[in-house]
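Both ligands and their constituent atoms are indexed starting at 1 by order of listing.
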Amino acid sequence: MTIRFIAASQLPTPWATFTMHGFEDEATGKDHIALTLGDVTGDVPVLGRVHSECLTGDALFSMRCDCGYQLQEALKRIAEEGRGVLFYLRQEGRGIGLLNKIRAYHLQDQGADTVEANEQLGFGADMRRYDLCVPMLNHLGITSLRLMTNNPRKVDALTRDGVNVVERLPITTGLNPHNEQYLATKAGKLGHMMALDDFTQASDVDIERKG
Ligand SMILES: Nc1nc2c(ncn2[C@@H]2O[C@H](COP(=O)(O)OP(=O)(O)OP(=O)(O)O)[C@@H](O)[C@H]2O)c(=O)[nH]1
Ligand SMILES: [Zn+2]
């Protein structure tokens with residue numbers, strides 16, 4: 001795996017002006033991004049989010065999942081802290097790609113849950129990998145993370161890859177009638193550590209989006 005830094009620029013958002021670092025994964029041809037705020041070098045653990053691409057949730061306002069809400073919440077929390085990093089990894093659809101995710105959604109429309117749909121298409125439930133974060137973390141001078149995630153398998157995978165995750169912070173936002181079953185499946189079958197009672201409702205987030 002060769003991850004190559006290409007360029008950095010400013011990225012103003014409603015929450016803060018981040019620095020956007022672009023990387024190229026030479027093996028896959030995929031582009032990955034890290035957004036940083038403040039000085040992320042040094043020994044003090046950095047508030048972080050390792051976010052996997054979800055075009056439908058992140059860009060098209062889909063309410064089928066919680067991705068867009070989590071993305072917004074993570075940027076907001078980093079801005080409030082004044083320091084942090086968000087990795088935007090181009091592994092759409094838990095690694096199966098956008099078109100296969102649409103195939104999986106089609107099966108889910110007919111009754112399959114998110115895990116069964118992947119399996120019916122011949123994929124594992126979660127095909128993502130996180131080792132590409134290591135060269136990006138090294139490039140940015142980040143030595144340890146306080147990671148916003150509900151996914152203990154993400155923490156385990158990053159730890160196995162050599163990333164120092166010192167704390168896991170829940171990120172439970174965006175519950176709505178369209179994703180309630182999906183979130184229940186994530187908790188029940190994929191091991192996400194979250195209870196639906198912990199979630200803020202999507203309507204709360206919508207107000208922020210308009211603001
Ligand atoms: N194959 C498939 N991928 C999905 C589906 N819904 C969301 N995704 C993808 O799942 C990824 C996000 O994973 P999640 O399981 O929501 O969350 P996570 O990153 O494991 O855990 P958190 O850190 O707690 O958000 C993104 O790449 C989405 O495109 C689905 O029904 N099927
Ligand atoms: Zn999503």
Side-chain angles (χ1 to χ4, degrees), residues 28 30-33 47-78 84-133 145-161 163 165 167-176 178-196 198-200 202 205:
T28 61
K30 297 244 180 198
D31 308 326
H32 305 285
I33 281 173
L47 179 62
R49 166 89 184 144
V50 174
H51 193 87
S52 302
E53 178 176 13
C54 177
L55 181 87
T56 46
D58 299 337
L60 300 176
F61 313 102
S62 169
M63 299 173 81
R64 284 190 84 126
C65 58
D66 51 344
C67 305
Y69 308 102
Q70 289 180 312
L71 178 61
Q72 180 175 230
E73 171 75 9
L75 292 176
K76 187 174 145 216
R77 276 157 68 169
I78 291 168
V85 62
L86 180 135
F87 290 100
Y88 194 86
L89 305 181
R90 312 298 297 283
Q91 34 189 1
E92 169 65 67
R94 293 199 299 272
I96 67 175
L98 178 61
L99 298 181
N100 284 321
K101 186 173 82 169
I102 297 174
R103 289 190 175 101
Y105 276 168
H106 177 69
L107 294 172
Q108 289 172 63
D109 290 342
Q110 295 170 330
D113 70 31
T114 183
V115 170
E116 292 163 349
N118 263 36
E119 289 169 350
Q120 284 175 29
L121 292 169
F123 298 112
D126 190 344
M127 313 278 288
R128 288 174 294 174
R129 43 191 291 189
Y130 300 99
D131 51 347
L132 69 168
C133 292
L145 288 176
R146 290 159 49 230
L147 194 67
M148 292 180 271
T149 182
N150 308 313
N151 184 352
R153 286 176 302 108
K154 189 184 283 184
V155 176
D156 290 347
L158 283 164
T159 304
R160 271 198 308 276
D161 292 332
V163 178
V165 181
E167 191 180 358
R168 182 189 73 81
L169 303 167
I171 180 159
T172 45
T173 181
L175 175 66
N176 71 71
H178 305 283
N179 68 13
E180 193 170 334
Q181 195 55 48
Y182 167 75
L183 294 175
T185 303
K186 284 214 296 188
K189 283 194 172 179
L190 291 170
H192 286 239
M193 300 171 82
M194 58 199 194
L196 295 190
D198 300 335
F199 273 75
T200 55
V205 179

TODO: Under 4.0 Å, heavy atoms only, figure out whether ligand 1 is touched by the backbone of Tyr105, its side chain, both or neither.
DONE: side chain

TODO: Just jot down the ligand 1 atoms closer than 4.0 angstrom to any heavy atom of Ser52, in number order.
DONE: 26 (C), 27 (O)

Task: Under 4.0 Å to a heavy atom of Thr149 - the qualifying atoms of ligand 1, by number - done: 21 (O), 22 (P), 23 (O), 24 (O)

Open item on the list: Atom CD of residue position Glu119 - does it have more than 12 heavy atoms of other residues, nucleotides or ligands inside 6.0 Å?
Closed with: yes

- [ ] Look at atom 21 (O) of ligand 1 and find which of Met127, Met194, His192 reaches it with the closest heavy atom.
- [x] His192

- [ ] Check whether any side-chain N or O of Asp66 sits under 3.5 Å from a backbone N or O of Leu183 as a donor-acceptor pair, and report yes or no.
- [x] no

TODO: Check for a donor-acceptor pair, side chain of Arg153 on one end and backbone N or O of Gly191 on the other, with a separation under 3.5 Å.
DONE: no

Open item on the list: Within the 4.0 Å heavy-atom shell around Asp66, which atoms of ligand 1 are there?
Closed with: 16 (O)

Open item on the list: Under a 3.5 Å distance rule, please check whether Asn151 uses its side chain to pair with a backbone N or O of His192 as donor and acceptor.
Closed with: no

- [ ] Indicate yes or no for a side-chain donor-acceptor contact from Arg49 to the backbone of Leu75 under 3.5 Å, with no hydrogens or angles considered.
- [x] no

Task: Selected option - heavy-atom contact closest to atom 20 (O) of ligand 1, from Lys154, Lys101, Arg128 - done: Arg128

TODO: With heavy atoms of Gln91 as the reference, note each atom of ligand 1 found under 4.0 Å away.
DONE: 27 (O)

Open item on the list: Is the contact between Leu190 and ligand 1 made by the side chain, the backbone, both, or neither, using heavy atoms and a 4.0 Å cut-off?
Closed with: neither

TODO: For Asn118, take its heavy atoms, then give the atoms of ligand 1 lying under 4.0 Å from any of them.
DONE: 1 (N), 2 (C)

TODO: Of the side chain and backbone of Arg153, name the one, both, or neither that has a heavy atom under 4.0 Å from an atom of ligand 1.
DONE: neither

TODO: Distance to 0.1 Å, residue and atom name: give those for the protein heavy atom nearest to atom 26 (C) of ligand 1.
DONE: Glu53 O, 3.3 Å

TODO: May I ask you to check if ligand 1 and Asn150 share an N or O to N or O distance below 3.5 Å?
DONE: yes

TODO: Using a strict 4.0 Å cut-off to heavy atoms of Gln108, name the atoms of ligand 1 that fall inside it.
DONE: 30 (C), 31 (O), 32 (N)

Open item on the list: Under the side chain to side chain donor-acceptor pair (under 3.5 Å) test against Asp113, which residue among Gln108, Gln181, Lys189 passes?
Closed with: Lys189

Open item on the list: Using a strict threshold of under 4.0 Å (side-chain N to carboxylate O), is an ion pair present between Asp126 and Lys186?
Closed with: no

Task: Contact atoms of ligand 1, heavy-atom distance to Arg49 under 4.0 Å - done: 22 (P), 23 (O), 25 (O)

- [ ] If you have a sec, work out which protein heavy atom is nearest atom 16 (O) of ligand 1 and how many Å separate them, to one decimal?
- [x] Lys186 NZ, 2.6 Å

Open item on the list: Within the 3.5 Å criterion, strictly below it, is a donor on Ser52 or Lys154 matched to an acceptor on the partner's side chain?
Closed with: no

Open item on the list: Which of the numbered atoms in ligand 1 are under 4.0 angstrom from any heavy atom belonging to Gln70?
Closed with: 22 (P), 24 (O), 25 (O)

- [ ] Before signing off on this row, confirm whether Tyr130 and ligand 1 have an N or O atom pair separated by under 3.5 Å.
- [x] no

TODO: If you have a sec, work out which protein heavy atom is nearest atom 6 (N) of ligand 1 and how many Å separate them, to one decimal?
DONE: Tyr182 OH, 3.1 Å

Task: Under 3.5 Å donor-acceptor, Asn118 side chain and Val115 backbone - done: no

- [ ] Identify, for atom 30 (C) of ligand 1, the protein heavy atom at the shortest distance, and state residue, atom and that distance.
- [x] Thr114 OG1, 3.2 Å

Open item on the list: Checking the N or O distance criterion of under 3.5 Å, is ligand 1 in contact with Ile171?
Closed with: no

Task: 2.8 Å shell around the Zn ion (ligand 2), exclusive bound, protein N/O/S atoms - done: 3

